[in-house]
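Reading through the structure tokens given below for one structure.
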Amino acid sequence: MDMDKRPPAGGDGCLVGVIRIPVKIVAVLVVLPVRVVWELLVAGARAVHRHVLGPLYVHVVEPLLRALGWLLTTLLKLVFVWPWVGLWRYVLVPAGQGLAWVCRGLYGRVLAPSGRFLTDRVLRPLGEALAWLGRGGMRYLLAPLAKGVTWIGWLLGMALFVWPWVALWRHVLTPVGRGIAWLAAVAYRYVLTPVGHGLVWLAVAVFRYLLRPVGLGLVWLVVALYRYVLRPVGLGTAWLAALLYRYVLTPLGQLLVWAWHVAGRIAGALWRGFKWVGWVLVGRPASWAYRHVLTPAGHAAREVWRTGRAAVREARATVRRALFGTPPVEPARSRARTLGSTTAADAAPADEISLPRRQG
């Protein structure tokens, strides 16, 4: 069987041929006339635009639109602009200039001389008279009145806020404070001082004849208890603990350590024996079965699986080519870089057989 001959690239299957023929018939009978009519309409529209509508717009419509725009602009200016411009230029501006001339003349001929006359003859003498009256009234009327009001306010302030408190301090609080100070001095000298001396003498006597002897007795008792009771008892207890540690606890600990090491050696020997027995009874037979039975069976199953998968892949490729045609074949170098390519030995694609050669 020739393995190198393959169908031409891009070949079509029977299903594609069956679908393509009706599509071509519909395209020839329906789409082609519509496209021809559309192209004729486009060519006619371009000719009409170039030879009829274009010159008509340039030589007729555009001048007409320009004339109509100029006419509308003139009418709008005549109605909304020129009347206000004429009113401003020929009415308001001359009227404003006349009013300004009248105002300047009125100010220069009437208001300014009247103001100077009033200032020199009326307002200035009136101001000087009012200033003289103010100075005289301040000196001979307001100043003495202010001094009298100030003196009366001072008297009222002193009578209401100063003199009562001064009298209260001088004639009430000072004598009462002096009496309280005299009583405090008498009480300190004749009461508190003797009582304090008596309390100090009593405290010294209690310390000297009661607390000091009691404290000395307690100290002597504590020292005697430590020297003749606690210290001998502590020394005896330490000696007994040393003897107990040396002759009881130390040999017992050594015995326990020796027993621990012996038990460890015995346990290690037992573990090694159990492990040897397990290897002889279970491990060695299992290893032999895996090596000489399961491994060959797995290899045989893998070969069967590879052969079946290759056969299924070849049959699927044959059916796809028969229905949809052969896809374009890529070059060997680019096909090796695709995701579907692989270099593993167990995933190598099966060789394809050309359909004409296989059918023959």
Side-chain angles (χ1 to χ4, degrees), residues 49 52-189 192:
H49 177 72
V52 178
L53 297 180
L56 181 64
Y57 177 78
V58 171
H59 298 290
V60 177
V61 177
E62 187 175 1
L64 183 61
L65 291 177
R66 288 181 181 178
L68 183 61
W70 178 82
L71 181 60
L72 291 176
T73 304
T74 305
L75 291 176
L76 291 175
K77 288 182 179 180
L78 183 62
V79 175
F80 296 103
V81 178
W82 289 343
W84 300 105
V85 172
L87 179 63
W88 170 260
R89 183 176 296 174
Y90 300 107
V91 178
L92 295 179
V93 172
Q97 292 176 356
L99 289 176
W101 180 80
V102 170
C103 290
R104 286 196 298 271
L106 182 64
Y107 176 78
R109 302 294 180 181
V110 178
L111 296 179
S114 301
R116 288 194 294 270
F117 177 77
L118 289 176
T119 301
D120 295 335
R121 302 297 181 181
V122 179
L123 296 178
R124 185 176 295 171
L126 182 61
E128 292 177 354
L130 292 176
W132 181 81
L133 289 177
R135 288 193 297 271
M138 178 65 70
R139 181 178 298 176
Y140 299 106
L141 180 62
L142 295 179
L145 183 62
K147 290 180 180 179
V149 171
T150 303
W151 184 75
I152 292 173
W154 181 80
L155 288 178
L156 289 176
M158 294 295 290
L160 293 176
F161 300 104
V162 179
W163 290 341
W165 301 106
V166 171
L168 179 64
W169 171 261
R170 184 177 294 174
H171 300 290
V172 177
L173 297 179
T174 301
V176 172
R178 289 177 180 176
I180 292 173
W182 180 79
L183 288 177
V186 170
Y188 176 77
R189 181 177 296 176
L192 297 178

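For this chain, numbers begin at 1 and follow the sequence in order.
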- [ ] With the side chain counted from C-beta on, respond yes when V60 and L64 share a heavy-atom pair under 4.5 Å apart, and no when they do not.
- [x] no

TODO: Let me know which of L126, V122, D120 forms a side chain to side chain contact (heavy atoms under 4.5 Å, CB included) with R124.
DONE: D120

- [ ] Any pair with a residue in residues 167-187 that passes side-chain hydrogen bond (donor to acceptor under 3.5 Å, both in side chains), sequence neighbours left out, goes on the list, sorted by first then second residue, please.
- [x] none

TODO: Please identify each residue that fulfils side-chain contact (heavy atoms from CB on, under 4.5 Å) with V79, with sequence neighbours left out.
DONE: none

Task: Qualifying residues under salt bridge (charged side-chain N to carboxylate O under 4.0 Å, His left out), relative to R66, sequence neighbours excluded - done: E62

TODO: Return the minimal non-hydrogen interatomic distance between G69 and T73, and the atom names on each side.
DONE: O-OG1, 2.7 Å

Open item on the list: Going by salt bridge (Lys or Arg N to Asp or Glu O under 4.0 Å), name the pairs with one or both residues in residues 141-163, residues two or more places apart or in two chains.
Closed with: none

Show me the donor-acceptor pairs within less than 3.5 Å that the side chains of residues 89-115 make with the rest of the protein, sequence neighbours left out.
from : atom 1 : to   : atom 2 : distance (Å)
S114 : OG     : V110 : O      : 2.7

Open item on the list: Using the side-chain contact (heavy atoms from CB on, under 4.5 Å) criterion, which residues pair with L65? Sequence neighbours excluded.
Closed with: V61

Task: CH2/W82: more than 12 non-hydrogen atoms of other groups inside 6.0 Å - done: yes

- [ ] Working to the nearest 0.5 Å, report the span between CG of L160 and CH2 of W165.
- [x] 12.0 Å

- [ ] Using the test side-chain contact (heavy atoms from CB on, under 4.5 Å), find all partners of W154 that sit at least two apart in sequence or belong to another chain.
- [x] M158

Task: All side-chain contact (heavy atoms from CB on, under 4.5 Å) counterparts of F117, not counting sequence neighbours - done: R121

